[in-house]
Participant: 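Okay, handing you the structure first.
Just so you know, residue 1 is the first one in the sequence shown, and it goes up from there.
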Amino acid sequence: MSEQKVTIVVVTPAMAAEWLKRNTRNRHISENYVDSLARDMEAGRWMFTHQGIAFDCDGNLLDGQHRLTAIVRSGVPLRMVVTHGMSRNSISGIDQGNVRSASDVLKLGHSKDVGKRGMAIANAMAAGFAAQNYGRRSKLEQVEFYLEHESAVNYAERALPTGSVRLMNAGLAAVIARASYTVDRSITDRFCQVLITGITEEPRDATIIHLRDFVKGVGNKGTMYRVAIYRKTVMALDAFRAGRALGTLRAATKECFFLPGEAKPADLKVA
């Protein structure tokens, strides 16, 4: 049995690049995961834990290729636990635990009992108009965003309580959550009530019915479905708050409901 040596090392980008040359038998790199880790490192969200870098008795890298690649990409040196002398076969036992979700981190680290729907709404809020980017952020980014916008997420969950699965789409609720910052809640409350019941009282309500019919009838078709739901909800709510009744509900071409401090980008073309 090989002798193991465990130390705490400040891993520099140059050191990480050198160690990655020993990455001879590992899984494929996930570029999205590396990018999310690098963003955490650059933003100072990265936390020192018992998890780190591991080499086998021949000096081959067994664990930590994504962390090392992120250090190189971010240019940020970080303290990490480094283990040398692991058995060659120990790679089969690495990363076999149940991975913690962002909801788990919120519960364990912040005493927040957040369900899957709450996290889905928060993630859709963060993605915003670029709804195709939903879920591409690190767990720490998701946690940070949720804590900042918890009240808006909670409002959207109350305004659109669980019922019809399709009408409770996270992208739809995310627009309501975003709008809660800039739109009078009497308007968003009324919008959601018509959406849920299908009962209309004035001409502009017809726009909500168009959205309701679309959401209930389109079916779940992946990314394009998510983008369409979000952008049509933006269009419907923007028209409703302005008192307009739309004969045809099209997808919005720009974001209309911005988060505090969020930059307002140029118009986006609908694919």
Participant: Please answer: with hydrophobic residues joined when any side-chain heavy atoms are less than 4.5 Å apart, are Met119 and Leu147 in the same cluster?
Facilitator: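 Met119 clusters together with Leu147.
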Participant: State, with a plain yes or no, whether a side-chain heavy atom of Ile71 is found less than 4.5 Å away from one of Val76.
Facilitator: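 Ile71 does not reach Val76 side chain to side chain.
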Participant: Specify the closest pair of heavy atoms between Ala177 and Ala156, including all atoms of both residues, with the distance to one decimal.
Facilitator: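 The answer is CB-CB, 3.8 Å.
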Participant: When you measure from the side chain of Arg79 to the backbone N and O of Val11, does any donor-acceptor pair fall under 3.5 Å?
Facilitator: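 No, the answer is negative, given that no donor and acceptor are paired below the 3.5 Å cut-off.
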Participant: Distance from Ile176 atom CD1 to Leu172 atom CG, nearest 0.5 Å?
Facilitator: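 The distance works out to 6.0 Å.
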Participant: Please determine if Glu31 and Arg73 form a salt bridge, counting it only when a charged side-chain N lies under 4.0 Å from a carboxylate O.
Facilitator: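 Between Arg73 and Glu31 there is a salt bridge, with a charged N closer than 4.0 Å to a carboxylate O.
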Participant: Looking only at non-hydrogen atoms, find the nearest pair between Met15 and Val9 and report the distance.
Facilitator: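 For Met15 versus Val9, the nearest heavy atoms are SD-CG1, 3.9 Å.
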Participant: For Phe191, give me all partners under ring-ring contact (aromatic ring centres under 6.0 Å, His included), at least two apart in sequence or on another chain.
Facilitator: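 Phe191 satisfies ring-ring contact (aromatic ring centres under 6.0 Å, His included) with Phe240 once adjacent residues are dropped.
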Participant: Got a donor-acceptor contact below 3.5 angstrom from the Asp56 side chain to the Asp58 backbone?
Facilitator: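 It does hold such a pair.
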Participant: Roughly how far, to the nearest 0.5 Å, is CD of Gln142 from CG of Asn123?
Facilitator: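 Rounded to the nearest 0.5 Å, the CG-CD separation comes out at 4.0 Å.
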Participant: So how far is it from Leu249 CG to Ile208 CD1, rounded to the nearest 0.5 Å?
Facilitator: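 Result: 11.0 Å between the selected atoms.
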Participant: Say you draw a straight line from CZ of Arg39 to CH2 of Trp46; how long is it, rounded to the nearest 0.5 Å?
Facilitator: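 Here the interatomic distance stands at 13.5 Å.
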Participant: Say whether His149 and Tyr181, considering side chains only, have a donor N or O and an acceptor N or O under 3.5 Å apart.
Facilitator: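 Side-chain D/A pair, His149 to Tyr181: present.
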Participant: So, are Asp184 and Arg241 salt-bridged, with charged N and O less than 4.0 Å apart?
Facilitator: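 Here Asp184 does not pair with Arg241 in a salt bridge, since their nearest N and O are not under 4.0 Å apart.
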Participant: Just verifying a value: how many Å separate His66 NE2 and Leu37 CG, rounded to the nearest 0.5 Å?
Facilitator: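 Output value for this atom pair is 8.0 Å.
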Participant: Nearest 0.5 angstrom please: Leu62 CG to Asn23 CG, how far?
Facilitator: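 So the gap between those two atoms works out to 9.5 Å.
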Participant: Going through the checks in order, is the side chain to side chain contact (heavy atoms under 4.5 Å, CB included) test met by Asp205 and Arg190?
Facilitator: CA-CA 9 Å; Asp205 292 346; Arg190 170 93 175 108; 2.5 Å; yes
Participant: Can you name the closest pair of heavy atoms from Pro203 and Ala245 and give their distance?
Facilitator: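 Closest approach of Pro203 to Ala245, heavy atoms only: O-CB, 3.4 Å.
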Participant: Flag this pair as yes if the NZ/CZ of Arg178 is under 6.0 angstrom from the six-membered ring centre of Phe258 and inside a 45 degree cone about the axis; otherwise no.
Facilitator: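 Negative - Arg178 is either too far from the ring of Phe258 or too far off its axis.
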Participant: Check whether Val81 and Leu68 end up in the same hydrophobic cluster, where Ile, Leu, Val, Met, Phe, Trp and Tyr are linked by side-chain heavy atoms less than 4.5 Å apart.
Facilitator: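 No, Val81 does not connect to Leu68 through the hydrophobic network.
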Participant: Side chains of Asn32 and Ser30: donor-acceptor distance under 3.5 Å anywhere?
Facilitator: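 No, because no side-chain N or O of Asn32 sits under 3.5 Å from a partner of the opposite role on Ser30.
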Participant: Sub-3.5 Å donor-acceptor pair from the side chain of Asp238 to the main-chain atoms of Val234, do we have one?
Facilitator: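 Here the side-chain-to-backbone pair does not exist.
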Participant: Carefully, step by step, assess Glu255 and Tyr230 under the rule side chain to side chain donor-acceptor pair (under 3.5 Å).
Facilitator: CA-CA 10 Å; Glu255 181 63 75; Tyr230 185 93; 2.7 Å; yes
Participant: Do you know the tightest heavy-atom contact between Ala252 and Phe129?
Facilitator: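 So the two residues come closest at O-CZ, 3.1 Å.
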Participant: For a quick check under 3.5 Å, do Ser138 and Tyr33 share a side-chain donor-acceptor pair by atom type?
Facilitator: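 The answer is no; no qualifying pair exists.
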